[in-house]
There are 2 protein chains.
Amino acid sequence: MMTFAEQFDRFAQLHLPAHLGDDAILRFRSLARPVDAARDVALGLDEGSDHLVFVSSGAIKLVAHASAGRNQVVAFHFPDELVVVPARAEHSYTLSTLRKSDLLVFDYASFADLARSDPAVLRSLLDTARSSLSRSREKSLTLGRKTATERLASFLVGMAHRIGVEREGLTFIDLPMSRRDIADSLGLTIETVSRQFTILRDLGIVRTVGKSGVQLVDLRALEARAGYLTEAA
Amino acid sequence: MMTFAEQFDRFAQLHLPAHLGDDAILRFRSLARPVDAARDVALGLDEGSDHLVFVSSGAIKLVAHASAGRNQVVAFHFPDELVVVPARAEHSYTLSTLRKSDLLVFDYASFADLARSDPAVLRSLLDTARSSLSRSREKSLTLGRKTATERLASFLVGMAHRIGVEREGLTFIDLPMSRRDIADSLGLTIETVSRQFTILRDLGIVRTVGKSGVQLVDLRALEARAGYLTEAA
DNA sequence: CCCTGACCTTGATTTAGGTCAATGCCGCCA
DNA sequence: TGGCGGCATTGACCTAAATCAAGGTCAGGG
């Protein structure tokens with residue numbers, strides 16, 4: 001568990017401009033609410049307003065809810081990332097931890113208000129929004145037009161980039177999310193996700209280690225099955 | 001067709017701060033490239049960089065491309081809206097007109113560079129990104145977890161909000177996009193979209209007028225079929 | 001005004017992935 | 001360190017939507 005000071009310093013270093021005056025820093029600091037949550041906990045955020053959440057440690061998922069208990073994982077987030085959690089509209093959103101996590105929670109409106117005249121902070125918010133938008137658009141393509149195999153392959157390639165580590169020359173991923181979370185992220189069922197893992201394993205493209213470990217044996221083959229565009233436009 | 005001056009004035013009024021100095025305005029103006037495109041034309045944007053496009057008139061679609069010719073309409077945009085068109089990454093994106101349109105095209109990097117110290121312009125970009133992100137997340141839920149009927153119902157409710165007009169007390173929509181575009185937006189085939197229209201028509205929820213007109217006879221019933229969250233969280 | 005081609009609708013059949021139902025296995029904690 | 005409970009895998013079967021295949025219809029140009 002990180003102290004509030006450690007967390008805020010890390011946040012400020014990554015998302016606030018270096019030149020910000022002490023009093024300005026303090027104002028942002030006073031908006032930050034530290035949340036130290038165990039594994040698999042849904043944050044009780046006020047659904048009436050937007051929030052901004054900084055991940056100090058751990059891993060989280062942002063989930064959208066439709067009728068009949070159907071859930072869609074809209075995004076996963078990892079340490080040092082900033083997420084915007086939308087207020088409830090036609091659907092509602094919840095943020096949950098995948099593992100024990102340290103988070104800083106801000107009310108979006110208050111944060112944006114403090115930032116309204118600071119270009120550097122605004123740029124940081126804009127960067128955050130743009131990278132979330134770009135991942136969200138990729139996800140639309142995956143959900144709308146890809147087969148189950150392609151979805152899992154795309155997912156694994158994406159996770160390799162974000163949380164993969166090199167080990168014996170191969171990429172290794174320690175997935176913090178369950179099969180259910182993967183299914184809810186890819187618009188599939190847990191059974192289908194499991195079958196796709198089996199297929200990739202039988203093809204020798206990945207190796208699974210326990211429930212959460214994945215070794216990418218043949219990244220090229222995985223990318224080839226992800227449905228990416230190959231030839232020039 | 002609108003003149004460049006008309007288009008830029010409209011753009012500036014909506015997306016640039018009122019107090020901006022004349023020279024600053026001129027700099028933004030010099031970045032704007034007017035594009036007057038006929039119906040169903042793909043804009044030839046350099047795929048190597050991001051672009052910012054303002055819709056002066058008409059209607060456009062942003063399409064993501066996967067392998068094997070599969071397309072996903074990632075967003076539709078209408079007059080007065082600003083869109084970010086991403087550079088090519090694992091997938092490529094194209095912007096096409098749905099009807100004859102007047103557009104202003106900016107290179108994103110140049111625009112952002114000019115805006116980098118102006119909080120008001122940055123806030124405008126941030127608003128654009130946030131509303132695109134929020135629509136994109138809703139779309140993920142639709143594509144990942146909704147049935148064909150719910151997808152079409154959600155689509156029609158959304159279009160009603162964006163381009164619907166009141167007529168004889170009912171909402172009327174003149175859809176600028178074809179069944180193929182709707183299918184590519186909802187992750188379905190044109191046949192399924194057509195069948196869902198037939199179902200909604202037979203239920204008396206909508207009435208179709210020609211190929212593009214849709215009269216929403218019973219908006220409540222349509223919303224009820226959209227898979228929205230109903231009860232309190 | 002009517003011809004034509006593109007778009008849309010409808011029907012028959014197929015299939016990818018969902019659902020239902022066991023069984024297996026990991027990892028945690030006593 | 002062994003037992004247990006939740007997660008993951010596997011198998012049999014089902015169904016929503018895709019695919020394949022005709023027709024129908026509308027809007028624009030001659």
Side-chain angles (χ1 to χ4, degrees), chain A residues 38-40 61 66 68-72 96 98-100 142-156 174-203 206-214 225 227, chain B residues 38-41 61 66 68-72 98-100 142-156 174-203 206-214 225 227:
Chain A
R39 189 181 156 284
D40 208 25
K61 60 178 174 183
R70 293 169 296 178
N71 298 327
Q72 173 65 42
S96 305
L98 298 172
R99 17 167 125 269
K100 188 176 176 337
T142 300
L143 295 174
R145 288 291 179 231
K146 290 192 183 177
T147 64
T149 315
E150 289 173 334
R151 293 182 199 204
L152 186 60
S154 303
F155 169 79
L156 290 174
D174 181 22
L175 294 174
M177 69 290 282
S178 67
R179 293 290 188 268
R180 160 136 308 287
D181 292 328
I182 297 173
D184 283 348
S185 172
L186 300 180
L188 301 169
T189 59
I190 49 178
E191 292 94 330
T192 299
V193 170
S194 185
R195 281 186 252 267
Q196 297 307 325
F197 262 113
T198 302
I199 291 170
L200 292 177
R201 202 187 306 116
D202 290 352
L203 285 166
V206 308
R207 207 173 296 147
T208 52
V209 183
K211 290 184 177 178
S212 66
V214 182
R225 302 187 145 250
Chain B
R39 191 182 155 283
D40 209 25
V41 168
K61 59 178 173 182
R70 293 169 296 177
N71 298 327
Q72 173 67 40
L98 298 171
R99 22 166 122 267
K100 187 174 177 339
T142 299
L143 294 174
R145 287 294 180 229
K146 291 193 185 178
T147 64
T149 315
E150 289 173 334
R151 293 183 200 203
L152 185 61
S154 302
F155 170 78
L156 290 174
D174 182 23
L175 294 173
M177 68 290 284
S178 68
R179 294 289 188 268
R180 161 136 307 289
D181 292 328
I182 298 173
D184 282 349
S185 172
L186 300 180
L188 301 169
T189 59
I190 48 175
E191 293 94 330
T192 298
V193 170
S194 185
R195 280 186 251 268
Q196 297 307 324
F197 262 114
T198 303
I199 290 170
L200 291 178
R201 203 188 306 116
D202 290 352
L203 285 167
V206 307
R207 209 172 294 149
T208 54
V209 182
K211 288 183 178 180
S212 67
V214 182
R225 305 189 143 248

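These values consider heavy atoms only, across backbone and side chains, with no hydrogens, waters or symmetry-generated copies. Proteins get letters first, then strands, A, B, ... in listed order; numbering begins at 1 in each.
Taking the side chain of Thr147(A) as heavy atoms from C-beta on, and the options dA17(D), dT19(D), dG17(C), the nearest nucleotide is dG17(C). For Ser194(B), taking side-chain heavy atoms from C-beta onward, the closest of the listed nucleotides dT9(C), dC7(C), dG18(C) is dT9(C).
The CD1-P distance, from Ile199(A) to dG11(D), rounds to 12 Å in whole Å. Atom-to-atom, CG of Leu175(B) to C1' of dC7(C) comes out at 14 Å; the value is rounded to the nearest Å. Here dA16(C) presents its C1' atom at 15 Å from CG of Leu188(B), a figure rounded to the nearest Å. Taking atom CG on Leu186(A) and atom C1' on dG18(C), their separation rounds to 15 Å, with Å as the unit. Rounded to an integer number of Å, the gap from Arg180(B) CZ to dT19(D) P is 10 Å. Summarising the geometry, the separation between CG on Asp181(B) and C1' on dC8(C) is reported as 14 Å, rounded to the nearest angstrom. Note: CZ (Arg179(A)) to C1' (dC25(C)) measures 12 Å, nearest angstrom. dA17(D) atom C1' lies 16 Å from atom CZ of Arg145(B), rounded to whole Å.
Between Thr198(A) and dT9(D), a side-chain N or O to OP1/OP2 separation shorter than 4.0 Å is absent. Contact check, Thr192(A) against dG17(C): no side-chain N or O comes under 4.0 Å of OP1 or OP2.
Side chain of Ser185(B) to main chain of Asp181(B): no donor-acceptor pair is present (N/O by atom type, distance under 3.5 Å, no hydrogens or angles). Using modelled atom types, one side-chain atom of Arg70(B) and one backbone atom of Arg145(A) make a donor-acceptor pair closer than 3.5 Å. No side-chain donor-acceptor contact under 3.5 Å links Ser194(B) to the backbone of Ile190(B).
Arg207(B) CZ: 12 or fewer foreign heavy atoms inside a 6.0 Å radius.
Within 4.0 Å of Arg201(A), counting heavy atoms only, lie sugar-phosphate atoms of the nucleic acid but no base atom. Among the atoms of the strands shown, none is found under 4.0 Å from any heavy atom of Gly213(A). As judged by a 4.0 angstrom heavy-atom cut-off over every strand, Ile190(B) is placed among residues making no nucleic acid contact. Among the heavy atoms of the strands lying under 4.0 Å from Ser178(A) are primed sugar atoms or P, OP1, OP2 only; no base atom is included.
Heavy-atom nearest nucleotides on DNA chain C were determined for Val193(A) and for Asp40(B), and the one closer to the 5' end corresponds to Asp40(B). Toward the 5' end of DNA chain C, the nearer of the two residues Gly210(B) and Gln196(A), judged by each one's closest nucleotide, is Gly210(B).
One donor-acceptor pair, N or O on each side, does fall under 3.5 Å between the base of dC20(C) and the side chain of Glu191(A). Side chain Arg195(A) to base dG11(D): a donor-acceptor pair is found below 3.5 Å.
Arg225(A) and Thr149(A) form no side-chain donor-acceptor contact under 3.5 Å, judged by distance and modelled atom types alone.
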